[in-house]
Peer 1: 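Shown below is the structure under consideration.
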Amino acid sequence: AQSVTQPDIHITVSEGASLELRCNYSYGATPYLFWYVQSPGQGLQLLLKYFSGDTLVQGIKGFEAEFKRSQSSFNLRKPSVHWSDAAEYFCAVVSSGGSYIPTFGRGTSLIVHP
Amino acid sequence: NAGVTQTPKFQVLKTGQSMTLQCAQDMNHEYMSWYRQDPGMGLRLIHYSVGAGITDQGEVPNGYNVSRSTTEDFPLRLLSAAPSQTSVYFCASEPLAGGQETQYFGPGTRLLVL
């Protein structure tokens, strides 16, 4: 069965600092990978996704993520964090074949200090 | 486009009561799904539909029923509410099933079962 691990429950960064949120997955074949952001009281919004091809994926709001097959990772990065980036971030995986049932990580809460 | 809409925003039920959570989308999306989100956990898929008249179970379907009589609507029914169903429920839609599309999430319904 596929699984997703986000090892950091909370991450605190200063505004303007760089950010990396970790995501590791367990799946036999190449999965489809996603990062979502959830602001308080809101639904999820897709930041970026990876299906195939270039392993460095650009998303919205200045985010990017890199798929590393050898490490089973799909870490999210941003070079300079803004206070408005404070939110909950979820990594998700979907199998590239068969039934479409996504698996979400438990989320990482990003706190941004001024 | 209104996107994905959910009603109600909040609901309090007593154990054993029934209710229907409404979800509608005006984007002509074929794929719709229901998730629940519990504290400290990612989203878990309850049921999904790949088109009108077609529904299937997700990861946590017990206690919930769905139907898809139209492309636009995908209601979630709780036949006999239990405290374990206290959660935030999100509806989502995307153009086609298969995992390569962007999912659009509704704002959520907060449900408390006493």
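Convention: sequence-line order gives letters A, B, ...; per-chain numbering from 1.
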Peer 1: Going only through I, L, V, M, F, W and Y residues with side-chain contacts under 4.5 Å, is there a path from A:L21 to A:Y50?
Peer 2: yes
Peer 1: To the nearest 0.5 Å, tell me how far B:T102 OG1 sits from A:Q45 CD.
Peer 2: 10.0 Å
Peer 1: Counting only non-hydrogen atoms closer than 4.5 Å, does A:Q38 touch chain B with its backbone (N, CA, C, O), its side chain (CB onward), both, or neither?
Peer 2: side chain
Peer 1: May I ask you to test the A:Y36-B:Q103 pair for a side-chain heavy-atom distance under 4.5 Å?
Peer 2: yes
Peer 1: Same hydrophobic cluster for B:V66 and B:I54, using side-chain heavy-atom links shorter than 4.5 Å among ILVMFWY?
Peer 2: no
Peer 1: So which of A:G105, A:A92, A:S109 has the largest heavy-atom pair count under 4.5 angstrom toward chain B?
Peer 2: A:G105
Peer 1: Can you tell me which portion of B:R110 sits under 4.5 Å from chain A's heavy atoms? Options are side chain, backbone, both or neither.
Peer 2: side chain
Peer 1: With a 6.0 Å cut-off (strictly less than), is the heavy-atom count around CD1 of A:I60, excluding the residue itself, greater than 12?
Peer 2: yes
Peer 1: So if you build clusters from Ile, Leu, Val, Met, Phe, Trp, Tyr with side-chain heavy-atom gaps below 4.5 Å, do B:W34 and A:F90 land together?
Peer 2: no
Peer 1: Can you tell me which portion of B:Q37 sits under 4.5 Å from chain A's heavy atoms? Options are side chain, backbone, both or neither.
Peer 2: side chain
Peer 1: Which pair of heavy atoms, one from B:Y35 and one from A:P102, lies closest together, and at what distance?
Peer 2: OH-CG, 3.1 Å
Peer 1: For the hydrophobic clusters of this structure (ILVMFWY residues joined by side-chain heavy atoms under 4.5 Å, transitively), does one cluster hold both B:L21 and B:F105?
Peer 2: no
Peer 1: With only heavy atoms counted, which part of B:Y104 is less than 4.5 Å from chain A, the side chain, the backbone, both or neither?
Peer 2: neither
Peer 1: Is it the case that one hydrophobic cluster holds both B:V60 and B:L45, taking links as side-chain heavy atoms less than 4.5 Å apart, direct or via other members?
Peer 2: no
Peer 1: Is B:L43 in contact with chain A via its backbone, its side chain, both, or neither, using a 4.5 Å heavy-atom distance?
Peer 2: both
